[in-house]
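Below, read A as the first sequence line, B as the second, and so on, with proteins coming before strands; counting in each chain starts at 1.
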2 protein chains.
Amino acid sequence: MSTATIKEIARKANVSIATVSRALSNDAKVKHSTKVLIERVAKELDYKPNILARNFVKKQSNIVCLILPDIADEFFSDLIKSVDEASYAMGYFTMITSSHKLRSIEEAVHTFIANGLAGSIIALIPSLSPELERILKNTEIPIVLLGASSVVEKFDSVSIANYDGVAELIDYLIKVKGYRKIAHITGPMDNNDSLERFGSYKDTLEKNGIEFNRDYIGQGDFTQESGKRECIKLLKLTDRPQLIFASNDMMAIGCYQAIKEFGLRIPEDIGVVGFDNIFTSCFLSPSLTTVDVSIELMGRSAADIAIRRMRSELPEAKQKIKIPTKIVFRESC
Amino acid sequence: MSTATIKEIARKANVSIATVSRALSNDAKVKHSTKVLIERVAKELDYKPNILARNFVKKQSNIVCLILPDIADEFFSDLIKSVDEASYAMGYFTMITSSHKLRSIEEAVHTFIANGLAGSIIALIPSLSPELERILKNTEIPIVLLGASSVVEKFDSVSIANYDGVAELIDYLIKVKGYRKIAHITGPMDNNDSLERFGSYKDTLEKNGIEFNRDYIGQGDFTQESGKRECIKLLKLTDRPQLIFASNDMMAIGCYQAIKEFGLRIPEDIGVVGFDNIFTSCFLSPSLTTVDVSIELMGRSAADIAIRRMRSELPEAKQKIKIPTKIVFRESC
DNA sequence: ATGAAAGCGCTAACAA
DNA sequence: TTGTTAGCGCTTTCAT
């Protein structure tokens, strides 16, 4: 490895290392001719700054650290890619890590904050534990929360417009499709997305004059298995619902399995809708009506905030970005 | 942020910073009692070493950098996760980046090598350009190639056992299922996986006494669209094949679309098989028979090699890991 | 077994 | 506009 250092450039260009440093970070007043000279020499030597040294002395890092939860969701690739692309475009690097069986999310965050590697953190935090909140609040580096409760006023956050998305979906089901008996399978009860979707489901039913029916609620955990399990319970009801709204597409897939095992047809006997628009959704038969979210936009927005915070380009007030959703009309209802 | 430094620990423990450094990296001869004392103080102060400083002075990095190609494949999440998990378990961090419209893979690799951030590189390189090979060979840090031509003797590599996997698949199709007219849609012609699969397809046909038929070859590029396009060409043949072996599942999905548009049935009128076993495969109708590869094992193996190279724990000879495959029997043939 | 001191590559006062 | 110098937190000789 061993690229040239500013020392060698200084020697070759007959200037001091300070001048080289200034010229290369082009923020100081350096005579144009010397700047040009230094840049030429730097290019000749194929100079790449030692990021470690630079970050170390500046006591800051140009690494955006993306922290993901344990489960590997389908959309992580897109999220990572969009964060990295935006970061790179602004001159930053992307580090990623996730909590897993060996490490809690709290530990992951704490480590990255304390050891100086991360210049900012983007964390996909489905639910904010008190300990995590304490750690996060005790740090100087910018934190951007993805999908975390937007109620938490203390952090910048980027989240999905769950409420509006679900409201639009349920409205469509009732007003256009004529469904009245709509069941819902929720995600985990400490998950913000799940909670918001559930709240919107209830509110929208009521706004349409449909009474909320506790029997029509299944409690899942965003996994396919839980979707299937809760769907079976719903299918066994004497007053069976006409449609099941699963809080995400994975659980909707579970519903498909259950419904097929019961020998029922979608959407003739019972409709199904989901949320997320994962890649698989359009290949199910029948294809799944769901709510699309631009993960790419989410990642880009988060990186943008993180980096502008690092550069102190943002106003004091915490940013609260809501990523809009869009219904994808298909064949399952 | 600002965790305690070794200086503060030294002061509190009444020893020199050198002793603290030694005690904490527990490789030098430090009296047991002082070591215990220092560790206690360190814990009290919630000390986390400044990784930037440490890496900087040691002129090495404990960051494993994973470099991905532009396209965001479905399996990236699993790959990233498994690399990170293995790295973390061995005390390393994971950085990821990908080539994209703003940056070629050559530039990405070069940057990470030169700026000192990466301690080793794991690169998913479908095809090795001469420039990339030059860059890679000119560096001191360990390089592990994923899926790159295993012919390249100069690098450690982890790749899929394409040849054996396809041989097993084609053998099954001929001997068990009785297919004879088997068409193939290839991936890009500079992609190693694609090439190996194609080679194995040809060889296995011949071993079974079936003459290779050039008309039965479509040249795709691993995208769904190319699969559809090439499938249409095959369906228009007067002597239509009985089955299409797509070089990956995405193209198999494209085949499904084409076949349905032609009003044909799978597998009654024509069979389809793929390679990869992506998540969606089992939800297609009919579900897709394909070849499964453990991405998780791939990532783990790559991280393992990268890190043991960093620690000089591996013999000179380049490691050549082949990840075994397994046929997933389903309904599409 | 421990301490003193140099130095990694770079930036940022302070001088000139 | 440029040079000199101190120092970031840590590791690592070289002494003791």
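Within the structure, every side-chain polar atom (N or O) of T19(A) is placed at least 4.0 Å from both OP1 and OP2 of dT2(D). One finds no side-chain N or O of K59(A) lying less than 4.0 angstrom from the OP1 or OP2 phosphate oxygen of dG7(D).
Put simply, CD1 on I17(B) is 12 Å from P on dA6(C), counting in whole angstrom units. Taking atom CZ on R11(B) and atom C1' on dG9(D), their separation rounds to 15 Å, with Å as the unit. One atom, NE2 of H32(A), and another, P of dT2(D), lie 12 Å apart when rounded to the nearest Å. With rounding to whole Å, N55(B) atom CG is found 14 Å from dG9(C) atom C1'. In this structure, F56(A) atom CZ and dA6(D) atom C1' are separated by 13 Å, rounded to whole Å. In this structure, CG of N50(B) is placed 10 Å from P of dT11(D), rounded to the nearest angstrom. Separating the CZ atom of R22(B) from the P atom of dT13(D) is a distance of 11 Å, rounded to the nearest angstrom. What separates CD1 of I9(A) from P of dC10(C) is a distance of 8 Å, to the nearest Å.
Counting non-hydrogen atoms under 4.0 angstrom, L52(B) reaches nothing in the nucleic acid. Note on S21(B): a base of the nucleic acid sits closer than 4.0 angstrom, heavy atoms only.
Checked options T34(B), V30(B), I38(B); the residue passing with R22(B) is V30(B) (criterion: side chain to side chain contact (heavy atoms under 4.5 Å, CB included)).
For the salt bridge (charged side-chain N to carboxylate O under 4.0 Å, His left out) test, residues two or more places apart in sequence or in another chain that qualify with K137(A) are E133(A). In terms of the salt bridge (charged side-chain N to carboxylate O under 4.0 Å, His left out) criterion, residue partners of K35(B) (sequence neighbours excluded) are, by chain and number, E39(B). Here Q60(B) pairs with nothing under the side-chain hydrogen bond (donor to acceptor under 3.5 Å, both in side chains) rule; sequence neighbours left out. Taking the salt bridge (charged side-chain N to carboxylate O under 4.0 Å, His left out) definition, one finds that R40(A) meets it with E44(A), sequence neighbours left out.
Closest approach to the A18(A) side chain among dG9(D), dT4(D), dT1(D) is made by dT4(D) (side chain taken as heavy atoms from C-beta onward). For I6(A), taking side-chain heavy atoms from C-beta onward, the closest of the listed nucleotides dA1(C), dC10(D), dC10(C) is dC10(C). Distance from the side chain of T5(B) is smallest for dC10(D) among the nucleotides dG3(D), dC10(D), dC8(C). Of all nucleotides listed (dC10(D), dC8(C), dT2(C)), dC10(D) comes nearest to the side chain of Y47(B).
The list of ring-ring contact (aromatic ring centres under 6.0 Å, His included) pairs with a residue in residues 116-144 of chain A, not counting sequence neighbours, is empty.
Nearest-nucleotide positions on DNA chain C for K48(A) and T34(B) put T34(B) closer to the 5' end. Across the interface with DNA chain C, nearest-nucleotide mapping of S16(B) and K58(B) shows S16(B) to be the residue nearer the 5′ end.
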The dot-bracket string of DNA chain D, counting Watson-Crick and G-U wobble pairs with both distances under 3.5 Å, using [ ] for crossing pairs and | for pairs to another strand, is ||||||||||||||||

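Between F112(B) and F93(A), the ring planes lie perpendicular to each other; the angle is over 60°, past the 30° to 60° tilted range.
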* Asked: Yes or no on salt bridge (Lys or Arg N to Asp or Glu O under 4.0 Å) for E85(A) and K81(A), after CA distance, side-chain angles and deciding distance?
  -> CA-CA 6 Å; E85(A) 200 164 318; K81(A) 182 142 286 193; over 6 Å; no

